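This report concerns only the one structure given below.
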Amino acid sequence: MATFFFLVAAILTVWGLYIGFFVAPTDFQQGESYRIIFIHVPAAWMSMLIYLVMSFWAAIGLIMNTRLSSMMAHALAPTGALMTFVALWTGAFWGRPTWGAWWVWDARLTSELILLFLYIGYMALRASIEDPRRGDRASAILALVGVVNVPIIYFSVQWWNTLHQGASVSLTKSPTMATSMLTGMLVMALAFWMYSIAVSLMRVRRIIRDREGNATWLSESSGVQ
Amino acid sequence: MQWESISDFFAMGGYGLYVWGSYSVTALCVVIELVDLRKNR
Amino acid sequence: MYKAFISVLRKELLLALRQKTDVVTVLFFFLIVSSLFPFAVGPELNTLKIIGPGVIWVGALLCSLLALHRVFETDFNDGSLEHLVLSGEPLTVLVIAKISAHWLITGLPVVIVAPFIGLQFGLSAASLSLLLGTLLLGTPVLSLVGSIGAALTLGVRGGTALTSILILPFYVPVLIFGAGAVVADLQGLSIDGHLSILTAMLCLSVALAPLAIASAIKIALE
Amino acid sequence: MLQIQNLSFARGKNVLFENLNFSMTEGDAMRVTGSNGSGKTTLLRIVSGLCRPDNGAVVWHGAVAQKNESEFVRSVNFLGHDDGLKKQLTATENLKLMLPLLGASPTDIEISAALDAAGLEAVKHKPVMNMSAGQKRRVALTRLDFMRHRVLWVLDEPFTSLDVSAISALVVKLRAHIESGGVLIFTTHQDFDVVPEASSLSLD
């Protein structure tokens, strides 16, 4: 099943990049540097979406005591962390030409950084607890506490940012999006989404095999292996 | 079509470093993740 | 329930009396950390005045992190944490008792000492009292949220370092509004927004944090 | 009174026990035996509601324990390996501050009488830290005198580091509990059978 999502992701990426580089016009204000938007914004969206989906699975695993959902949360975390890192990296690379600095304490970039810390915290807690049962449930609690705090962090950073610096040119207020720019970005977002699903499915299969080597229900469900 | 030539494409209107810098790192992260997954299938 | 709450509180306070080292180490840590900055930044008062509130707030935050392992770790190791679960009383209430005792022992002394340390940074009496106010509102939130990390990492190796990794992101909003209030006041801006948000955070964490801590403790005891 | 219905628990990949079934009524006692790591402590912790099983259920008076947890936990007296004592406090203080948590509020006189009965009158006002392991275990076991209102006693290795006189004193307490209609589940490494009338459950 994972390979299906990989294929879709590959096709969408090619299509998205084609639009991004060949169809979308040069931006009158930022020239060509705005083309980074085609991976920066999708990565940022995915980093947030994956955290929410991860917390959803974590909650299900905690409440229903179902091991598979906790494993799904465990499988999503690295991809979410990767997306956050990509969003930060591309944000810095985009900020350099537009704002003249590698790192700007823009509200969104800052909360993206904190989101990366949340992912790192989740994975660090998961890695340091040997017993998988306790690892699942402890990290599930951390993910849920994180989900409650993400809006708080975002708004306090927003308030803090406007207090100190005044509203700097934030990313989405960039020039009105030509339709092709928007479609390019949406296609790339979809591609990133498919990619994340594919990677997480592959990782969850590996986690299942590592952890439940002999469990009977495993052999039926993944007989194809 | 935007670009007259391949070199123009890579120059990316003077922002080549930034645009290709971010795209290459993204591609690198994806490759690392896939290799890691493929390694211990 | 009330008896159980009181006995947990008395036990913690009696333990703190018997073992004063914890309180003293936290206070000295706070003193040293905050008086390091003038050496780094230089002695002239106008720069110190700007960074003063931030330094003291980060100092208070680090103190709460330092003292976090005391909340549950010792009870987890000697088996008395089980009594909380076995009592049948609502675990969240007993957790609040433990955390309020922890705050009285390690949080309050820091809050009391903070204004005197603020003098080092040449802060005026008005901003010192505001600093006291924000710390009074903020440090309980630090204890409550920090205890979630402490409960999650019970019995896990590398516990204290791990706890700070888990919990620092959640400290950011408290730091923003806590230190921000004093800075805003220095700039003459109104601070009711800051204080009301700090109180809101306090109420939110008093309501929600014990739930997360209680389930984290139950998981740790499995 | 207490039914265990096809309880199973696995730690990681090794299955500790599977489809375990037994039931106990007033006056029953059971000794759980098994080699180290066979899951004795885990079973006791599941029965006392401290630990959730993979599947199966602990049923107390016909109701599943996990559902009305606080009712069930209030009727359980669990004593683990650790004594649960604070080293800096004296034996009296430890008991005085621990017992209200477990639903008992004895007077100071009752506590010091219980400590004297356990042969600890000499050390009861000294901090627990400079007590021997046997004395600490006796202080922990003094708690049993005040646990009458908790019917289900689950004791993990209660006899460790006790000398002969303390063992016989404890056996008397356990028998009194069973005769008064209580339920007792315990583990021990003592070779001779301390509570002969106890049924036995082996996890090996």
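Computed from a predicted structure; not experimentally measured. Within every chain, numbering begins at 1; the chains are lettered A, B, ... in the order of the sequence lines, protein sequences first and strands thereafter. Keep in mind that the numbers below use all heavy atoms, side chains included, and drop hydrogens, waters and symmetry copies.
Here the OG atom belonging to A/Ser128 is positioned 7.5 Å from the CG atom belonging to C/Leu166, to the nearest 0.5 angstrom.
Counting all heavy atoms, side chain and backbone alike, C/Pro173 lies closest to A/Ile153 at CG-CG1, 3.8 Å. In terms of heavy atoms, A/Ile114 sits closest to C/Pro169 at CG2-CB, 3.8 Å. Closest approach of C/Ile219 and A/Leu62 over heavy atoms only: CD1-CD1, 4.2 Å.
A/Trp160 places none of its side-chain heavy atoms less than 4.5 Å from the side chain of C/Phe177. Contact annotation: the side chain of A/Phe117 never approaches that of C/Val172 to less than 4.5 Å [non-hydrogen atoms, C-beta and beyond]. The shortest side-chain heavy-atom distance between A/Arg134 and C/Val156 falls under the 4.5 Å cut-off.
Heavy atoms from other residues, nucleotides or ligands lying under 6.0 Å from CH2 of A/Trp89 number 12 at most.
By the 4.0 Å N-to-carboxylate-O rule, A/Arg133 lies close enough to C/Glu222 to be salt-bridged with it.
Here C/Gln120 pairs with nothing under the side chain to side chain donor-acceptor pair (under 3.5 Å) rule; sequence neighbours left out. Residues satisfying the side chain to side chain donor-acceptor pair (under 3.5 Å) test with C/Thr163, not counting sequence neighbours, are C/Thr153. For C/Phe76, the side-chain contact (heavy atoms from CB on, under 4.5 Å) partners at least two apart in sequence or on another chain are C/Leu81, C/Leu154, C/Ala220, C/Leu221.
In this structure, chain A has a heavy atom under 4.5 Å from the side chain of C/Leu204, while its backbone stays farther away. Heavy atoms closer than 4.5 Å to chain A are found in the side chain of C/Ile148, but not in its backbone. For chain A, the nearby part of C/Ile197 is the side chain; its heavy atoms alone come within less than 4.5 Å. For a residue to count as touching a neighbouring chain, one of its non-hydrogen atoms must lie under 4.5 Å from one of that chain's; by this rule C/Ile167 does not touch chain A. For C/Leu162, the part sitting under 4.5 Å from any heavy atom of chain A is the side chain, from C-beta outward, and nothing else.
Among residues 140-152 of chain A, the residues having any heavy atom closer than 4.5 Å to a heavy atom of chain C are, in sequence order, A/Ile141, A/Leu142, A/Val145, A/Gly146, A/Val148, A/Asn149, A/Ile152.
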